[in-house]
Every structure is written in structure tokens, then in C-alpha cells.
Peer 1: 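There's a structure below that I have some questions on.
Both counts, for ligands and for their atoms, begin at 1 and track the order of listing. Reckoned from all heavy atoms, side chains included, excluding hydrogens, waters and symmetry mates. Source: prediction; values computed, not measured.
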Amino acid sequence: MDKYLHQFRLSDKTLMELSVRFRREMDKGLCRDTNPTAAVKMLPTFVRSTPDGTEQGEFLALDLGGSNFRILLVKVKGNGDQKVEMESQIYDIPELVMRGSGSELFDHIADCLANFLEKMGIKDKKLPLGFTFSFPCQQTKLDESVLISWTKGFRLSGVEGKDVVSLLRKSIKKRGDFDTDIMAVISDTVGTMMTCGFDDRHCEIGLIVGTGTNACYMEQMRNLQLMDGDEGQMCVNTEWGAFGDDGALEDLRTDIDREIDAGSLNPGKQLFEKMISGMYMGELVRLILVKMAREQLLFQGQTTPQLLTSGRFSTNYIYAIESDKLVFKALRSLGLDPSAEDCAATRRICQIVSTRAAHLCASALAAVMRQIRDNKAAEKLRITIGVDGSVYKGHPEFPRKLNKMVRRLVPDCDVRFLQSQHGSGKGAAMVTAVAYRLAAQHAERQRVLGTLRLSREQLLEVKRRLTAEMARGLCKQTHDQTSVKMLPTYVRSTPDGTEQGDFLALDLGGSSFRVLLVRLKNEKKQKVDMHQKIYSIDQDTLQGTGEELFNHIVYCIADFLDYMGMRGASLPLGFTFSFPCDQTKLDEGILLKWTKGFKASDCEGKDVVKLLKEAVQRKQKFDLSFVAVVNDTVGTMMTCAYQDPKCELGLIVGTGTNACYMEEMHNIETVEGNQGRMCVNVEWGAFGENGELDDFCTEFDRAVDESSNYPGKQRYEKMISGMYLGEIVRHVLMDFTTKGLLFRGKMSERLKTRGIFETKFLSQVESDRLAMRQVRSILQHLGLTGSTCDDSVLVKEVCSVVGRRAAQLCGAGLAALVDKIRQNRNLNQLSITVGVDGTLYKTHPHFSRIMQETLQDLAPQCEVTFLKSEDGSGKGAALITAVACRLKSEQLL
Ligand code: 0WK
Ligand code: 0WK
Ligand code: BGC
Ligand code: BGC
């Protein structure tokens, strides 16, 4: 017998070789270029995460494609140790329906569902539904699945190439007496893996050996070339039943296999399945019996109509025969009169056929396990295979033979088979429950992020309100009440190229304190040489007394002059003092209030030029002949105007944010004179202090403001600038974590630490070339070690939303400014340049682009060029000082 059926007996060498061959087929299926011609399609399932214990609710599940059509109601109780209760009902799918029109099948399913809901008394409920549809489907998302081809006993018209979810929805709609929310379509292999994964988290493979056969497993996203994204995992439905459909098994298929295929509903298709699964195993044995009977090797050469009838030797016979029961009865039922030898031979044939089936399965499984082991780069793979199907459950020897051969083919894997007790329906419900949880979580995340997303109308409203506040700032009557102070800077003219000499410059108020020497030479063309040194100012000095702060400034100037070999020099100084100052002339600046991280006492309301000079006096290390105090926006504008005369605005988006621009004197009611223009320091950071932005502020903005140095102050700045964006992100991340939407709800102490999420992380996280892995390393730095890839994706999205809003708000503010200048000059079209500086603007990968897009959209009649300041505002301050000194010497000042 064994000699007669030697083709059915596969050596370990053959099986190992076959396993390698199947692995190659898997690679072909995973690879974008070869997938279209691959026989083993490796279909993405969009099942990426497993239950996390928080799922709960009632879920419907349909289980179609196996030997029984089942409808289930699955109740999942959350609260951590999940409990699952199930009620199910099997419904018949008449043969006619399995071979009729698609709409008939889905109408039938809808009828069964209605009947089930009726019985359960839940027809009025719209429950989420998971649909186990055990046929090869191309999925584009969890709830959209296009049938590639029918297999097994199904062969209906009008379904292949169609989305089975829409077909089912249509049939349910047609009935109109109940509704469900179809959230997921899965293969029975996936349902089985999820069902078993519920009890064993090592379960990463789902196996079906039933009417049909197939397997799925958790694959690395980076290997799924048909999918975007390379982080994390996704379950892949191998559809290994089709292995060999491209001829890859011709050397192993026997004539009996070819006969089976020829007589099947789908010749040339599912060739691997036809050598293994329950729908064909009985037929394999029958054809062998017929062949051997005809060759006088069995039943004295006698055949009977029953024996010659396809499907008459059911696979269940094999289960019975191999468990030593009924072989005689089975052959009698085929009208045969078998001898004891015939019975023993038949039993041997059954064994050989089922053993081949088990070994073929083992060979393919071994390939899947090696793939997973290599993905994990694991020495020893510990894995559980969730399995279901009438052959695996019904055949007395199949599980043992399968398990044994798998261990022989992959001895370095610690594999366990876990038989699914509840069918794939439970798994489908779990996938639906996870999808439901993810959808609810996604909805909540998007709801929260939605509060941080501004519409065009809202941005236009910000522009309109800022325009109104600017007008109130320029107007004498309303200047004191407005939040946007529109401070005159007494900078009215730009360098004419004749300025020359050495000028000291200080740059205080940004992220670093600089002392500069700016040398203007008047050769052919005016040349500017600059020397500078950066000094740090520690927290204590920033928040100590004004005297200590200015003493420190003077100490740095003295150190710089020593460094420059100019000890005891007496030079004019341009003082970039990046805080709101009331000025009545260039060399006086009354500090209105500190902003950003500064809080030195006894300075607000004082003239900072005076405070500086007093400190110089105290130290007697050098002298300052003249001091011009300018805002960093003005210094930046002047630095850039030196390069591009069309530069009439200055913008800072750094630790703080602010802007200045050249305003018509006749519009500046707070300053005498109507001729020409003067630069106005807008101090737009304070916009919103009178509630102008309250309806755009989120709970996160309020949280950042309340925990800031100056609650209620600088509201616009706190939605835009570098000192605050990281904090806004941190508060959103804390909110998401508290709601279990992030980091599995595990809050880390570090995440609760103010300032821990620096704004530079926003820029890093958003740089396109930064892979998620690096996002995760930032999270690790924040003590968020257990973060997942989804967490990283979400952190990146939060950073993106917060950064985008800041850039848009900045764009809306600029639109208000340039449109004001255009209207000032009664121009239909304005072309102008903005000098810009600040760490956030310079380092954030998308800020400038988004800001410019918003500006273009909200001020379409202005063509705005942005000129990044390379030399900082110190140069501008020195140039302003030089102009002032020139004007002074020409008695024009
Ligand atoms: C039971 C599962 C079902 C799957 C079936 C396969 O719940 O999803 O299709 O096993 O085994 P069969 O019924 O085809 O033998
Ligand atoms: C560089 C300028 C300085 C300004 C700073 C703002 O020279 O005057 O204050 O940019 O950017 P930040 O350093 O706050 O990012
Ligand atoms: C189908 C698979 C299914 C398997 C087991 C095969 O015929 O193509 O989708 O998983 O049967 O039911
Ligand atoms: C200050 C402005 C400064 C801006 C940028 C704000 O906090 O009020 O004066 O221009 O920061 O540094």
C-alpha cells in the first residue's frame, strides 16, 4: 500500500524543502512588485492590536464560511479582568443559496440576523458587528473587504470583486426592521487567533483546518510593502490554500490531486487546500479506492455507483475509520462488500492521506514560524497557534501528527497549539470590541485635537479682532484699555550708508544674552564687522532683583570689552531689550512688564536705560556714550532692512513672539507729528489679555496660562511661542494619558513635570526624517519607557496640531499687519519684506511654511517675502544707534 501510495508519503527532506518553497511564496506575497502574480496573497487584515482589557459592551458576530453559519451575541465586561459571555445560534445555508446569487446569500444572512435579534429581544438595538467571512478578501480597512474569489462549497454570482460589507449593509437596509454597525470583517483564521489570544498572549498565529484550510500571523509592518507605515505589527491572512495555484506544487501533486481539482467547483484554484482540507480529504480517499479497485487491488476490483459518486466518501468517514471504528460500515454504506484486507487497506489509505494533509500543514506552518522568529531576531521562539476546524478537531490523529512534524521541522521553536473552544465568532467580537474601543478613542482624540484646530473663519476672526485692537492701540483714547499696545519706537529712518564707527550692542530677552561689537566701515560700500559673545543668565538672576540683573549685564559687557582688548572704552550702545517698553524717545524705555522667563524685581515701570547706566556707574569698568533701546523685532527689521530696503516689518517667533512695522506717523496718535513713518512695536503677545481670544482658548491653553509666570498675560504669545508650545503638548498628552488614550493610561511622574516637554522636541518630532523610533527615544527620555508605536504616532500628531495652530495664529496676525500697511498706502497690491528671527521659526520644520500659507490665504493682496535674520537683532540695534548718532551729530535729533 505504502509503495502504491508512495507519492502521498512526503519525506522530512521534501517537507523541509517545501517549507522553504512556501517561505519564498510568502515573500512574493509580501513584496509590492511580486504580489500581483503571487499565488499566496498575504492579505493585510488591518487587525493590529489585541484587547487591552478595557474593551466592554455587547457585540454581534457572524461566522460564515465554515461548515456552520453561526450568529453570536458576545457580552464583554471590561474592568480589567475581562469576562466574556456568549450566546449563539447556528443557521443553515441551503446549498441553493451557496450556489445562487450574491444578494440571495446576503438577504438570507440578514433574515437569520433578524431572527437571532428577535430571539435575543434586542432587535431595537444598533450593536457593533464583527463579520467572520472565511474567504480570500482584499481589505483596504477593517470594515471594507472585497471578495477575491469564492472557495470551498461557495460559488455565488455577483459578489467577487465586491465589498461584502456594503452587500450585507444593503440587505439589512432592504429589510429595514433592524440595524447594526458593521465594524470589522475578518477571516476565520484571524478570529481564531484573537479568540485564543484572549487567553494566551503568545498566540500570534491562527490556523484553520476544516472545510478549507488557511493560516494568519502577526507580521511586522515594515515587511508589509503593500501597506504604508513601518512601525508595529499587523495580522496577515496568508490564504495559503492557494499555494501551488501558480504551479509551485506540480512536483508533489498526484494524479488523484489533479482529478480532485478537475472535479471541483474552482479548478486550478486552492490546490494546496485540495491536498489538505476536509472538503477534499474524503474525496481523495474515494478516488484512491476507485483507482485501486479498478486496478484489482481492492474489493476484488468491484466498484459501486456510490463509490463512483463524488462526495460519497465523506471526510467524517476518515475520522471514524482512523479511530478504528466503522471502516466496514463505511464501505458497506458505499455498497461494497469489503474483506478484512480491504478494510485494513482503506484504513491505511485514510492514514496516508490525512498524514500527508497534516505534514503539508506542518511544512507551511514551519515557514510562518521561521518568519516570525526572524522578525523577532529571536534565538528561541515561544509561540502559540490558535487552531480550529472540523479536521483538526474531528480527526483522531491530525493534531498529534501536525504537532509532531512541526517540532521536527522547527526544533528551535517552543510551539503550543491552543484549540479554540468558542469558534472565531468570539475573536470577531474581540476584533470589533477593539475596533470599537479604538474608534471611540480615536473620536475622543480627534474631538480634543479638534479644539486645537482652527478653521479659516476662526483665523479670519483672529485677524479681524487683532486689526481692531491695533487700531485701538494707536488711538489716544483707547490706547490704555487695549491689550495690543502699539508702542512707538522712535525708529523712523534706516541707515543711509554714511554711518561708521564702533558700536556696542546688547541682545537681551531671547533664549541667549549676547554682547556684540559692531564696526561700521565706510569704504567703497559700507561694511559691517561684528564680534559677539554669548553669556548665560541663570534663573536666579532672571528672577532676582533688577540690580543683580543689570550688574550681571554690566559684568558681561566688561568681560566682552576685555575679550576684545577694549577695556575702559566709551562707546554708544544699542540695547535690544525684548520686552514691552513705553518710549518717548530712542534712548529711554519704560519697562511696562516682564514677559517670558524674566521676573527681576524693581524694573517694571522703570527706564531700563537708566537702570543700565546706574549699573555702569556702580561698576566703573567702562562708559557708555549713548544708549538706544530697541525691541528685538525692531532690531531684526533693521538688520534685514540693511540687506533689503523693502523690509518694513520685523517678526520674532522664539521664546516669545512679537512683531513691529513701519506705521504712518499720522496714524500714531500717541506721538506728536504727522509726517513720515515710525516703527511701531505691536507687542501682539499681549493680544487676548482682554478676553479677545477666550473663545479660541482650550482647556490646555488655560492650564498653561494658570501655571505660567504671568497668568492672564501674553495670551496670544502663550498659544504661539517656544516657551509655551511644549507645555501645551504636555498638557494634551497628560489629558490623553488620564483618559487611557495614550501610554495605556500609565502617567509617568516626569510627564507631570512642568517644562519637561521642551518645544525643541516639537521641532524634532515633526521633522519628516525622524522615524518613530526616535520619537520613542524622546518619550523614553521623558520616562515614558513603555510607549508603543501608536503612542509615538499620536505624540507626533499632537505636536503637529499644536505647532500648526501656532503657525496659523502667527499667519493671521501678520495678515492683519500687512493688510493694514496696504490700506495705509491705499494700495490694491502690496509687496513687502518681513525680517524674521527666533528659534521656533528657524528650527521648526513646518512653521514658516504653514504661517506663510495662512498669511497668503488671509491677505491675498499682499505679496510678502520673508528674510531670515542671520546676524540677530544686535546688528540692527547697532545700526539704529549709528543712525541716531549720525542724526545727533547732524543736530537732527
Ligand atoms: C470554526 C470557526 C469558523 C471556521 C470553522 C472552520 O468558528 O470561523 O470557519 O471553524 O472549520 P470548519 O467548520 O470549516 O470545519
Ligand atoms: C535672535 C535675536 C534676538 C531675539 C531672538 C528671539 O537676535 O534679539 O530675541 O532671536 O528668538 P529666541 O532666542 O527667543 O528663540
Ligand atoms: C478560505 C480562507 C479560510 C479557509 C478556512 C479557505 O478556503 O480561502 O479564507 O480561512 O478556507 O475556512
Ligand atoms: C516680548 C516682546 C518680544 C518678544 C519676542 C515678548 O514676550 O513682550 O517684546 O519682542 O517676546 O522676544
Peer 1: For this output row, return yes or no: ring centroids of Tyr661 and Trp684 closer than 6.0 angstrom.
Peer 2: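 Here the rings of Trp684 and Tyr661 have centres that are no less than 6.0 Å from each other.
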
Peer 1: Does this structure show an ion pair linking Asp245 with Lys269, if we count only N-O contacts that are shorter than 4.0 Å?
Peer 2: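 Not counted as a salt bridge, because no side-chain N and carboxylate O are separated by less than 4.0 Å.
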
Peer 1: Within a distance under 4.0 Å of any heavy atom of Phe579, pick out the atoms of ligand 4 and give their elements.
Peer 2: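 Reading through ligand 4 atom by atom, the close ones are 9 (O).
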
Peer 1: In order of chain and number, which residues sit within 4.0 Å of ligand 3 by heavy atom?
Peer 2: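 Contacting ligand 3 under 4.0 Å are Ser134, Phe135, Pro136, Thr151, Lys152, Ser187, Asp188, Thr189, Ile208, Gly212, Thr213, Asn214, Glu239, Gln270, Glu273.
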
Peer 1: Give the residues near ligand 2 by chain and number, with the criterion being a heavy-atom distance under 4.0 Å.
Peer 2: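 Protein residues near ligand 2 are Asp507, Gly510, Ser511, Arg514, Thr576, Ser578, Asp632, Ile652, Gly654, Thr655, Asp837, Gly838, Thr839, Gly872, Ser873.
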
Peer 1: Is a salt bridge present between Asp701 and Lys718, judged by a nitrogen-to-oxygen distance below 4.0 Å?
Peer 2: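 No salt bridge links Asp701 with Lys718.
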
Peer 1: Hey, what's the ring geometry for Tyr91 with Phe69, parallel, tilted or perpendicular (30° and 60° as the breaks)?
Peer 2: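 Taking Phe69 first and then Tyr91, their aromatic rings sit tilted (interplane angle of 30° to 60°).
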
Peer 1: Do the side chains of Glu689 and Lys593 get close enough for a salt bridge, i.e. N-O under 4.0 angstrom?
Peer 2: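 Judged by the 4.0 Å cut-off on N to carboxylate O distance, Glu689 and Lys593 do form a salt bridge.
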
Peer 1: Any luck finding a side-chain donor-acceptor pair between Asn658 and Asn681 under 3.5 Å?
Peer 2: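 Yes, because at least one side-chain N or O of Asn658 sits under 3.5 Å from a partner of the opposite role on Asn681.
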
Peer 1: Among Val629, Leu516, Ile557, whose side-chain contact (heavy atoms from CB on, under 4.5 Å) with Leu506 holds?
Peer 2: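 By the side-chain contact (heavy atoms from CB on, under 4.5 Å) criterion, Leu506 pairs with just one of Val629, Leu516, Ile557: Ile557.
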
Peer 1: Under 6.0 Å between ring centres, would you say that holds for Trp240 and Tyr217?
Peer 2: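 Judged by ring-centre distance (under 6.0 Å), Trp240 and Tyr217 do not meet the cut-off.
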
Peer 1: Can you say whether the rings of Trp150 and Phe154 are parallel (under 30°), tilted (30 to 60°) or perpendicular (over 60°)?
Peer 2: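 It falls in the parallel class, under 30°.
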
Peer 1: Would you mind running through ligand 4 and noting each atom that sits below 4.0 Å from a heavy atom of Ile652?
Peer 2: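 Reading through ligand 4 atom by atom, the close ones are 5 (C), 12 (O).
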
Peer 1: Using modelled atom types only, decide if a donor and an acceptor are shared between the side chain of Glu663 and the backbone of Cys679 within a distance under 3.5 Å.
Peer 2: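 Not at all, since once roles are kept as given, no pair shorter than 3.5 Å links the two residues.
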
Peer 1: Please name the pair of heavy atoms, one in Val431 and one in Ala184, separated by the smallest distance, quoted to 0.1 Å.
Peer 2: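 For Val431 versus Ala184, the nearest heavy atoms are CG1-CB, 3.9 Å.
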
Peer 1: Please say whether Asn681 places an N or O atom under 3.5 Å from an N or O atom belonging to ligand 4.
Peer 2: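 N/O-N/O distance under 3.5 Å: no.
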
Peer 1: At less than 4.0 angstrom from any non-hydrogen atom of Glu683, what atoms of ligand 4 do you find?
Peer 2: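 Ligand 4 atoms under the 4.0 Å threshold to Glu683: 1 (C), 2 (C), 8 (O), 9 (O).
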
Peer 1: Is any N or O atom of Thr633, backbone or side chain, closer than 3.5 Å to an N or O atom of ligand 4?
Peer 2: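 By distance alone, the answer is no.
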
Peer 1: Inspect the contact between Asp837 and Lys842 and indicate whether a charged nitrogen and a carboxylate oxygen are less than 4.0 angstrom apart.
Peer 2: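 Salt bridge flag = yes for Asp837 with Lys842.
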
Peer 1: I'd like to check which ligand 4 atoms, numbered from 1 as shown, lie under 4.0 Å from a non-hydrogen atom of Glu717.
Peer 2: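 This gives 6 (C), 7 (O), 11 (O) as the contact atoms.
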
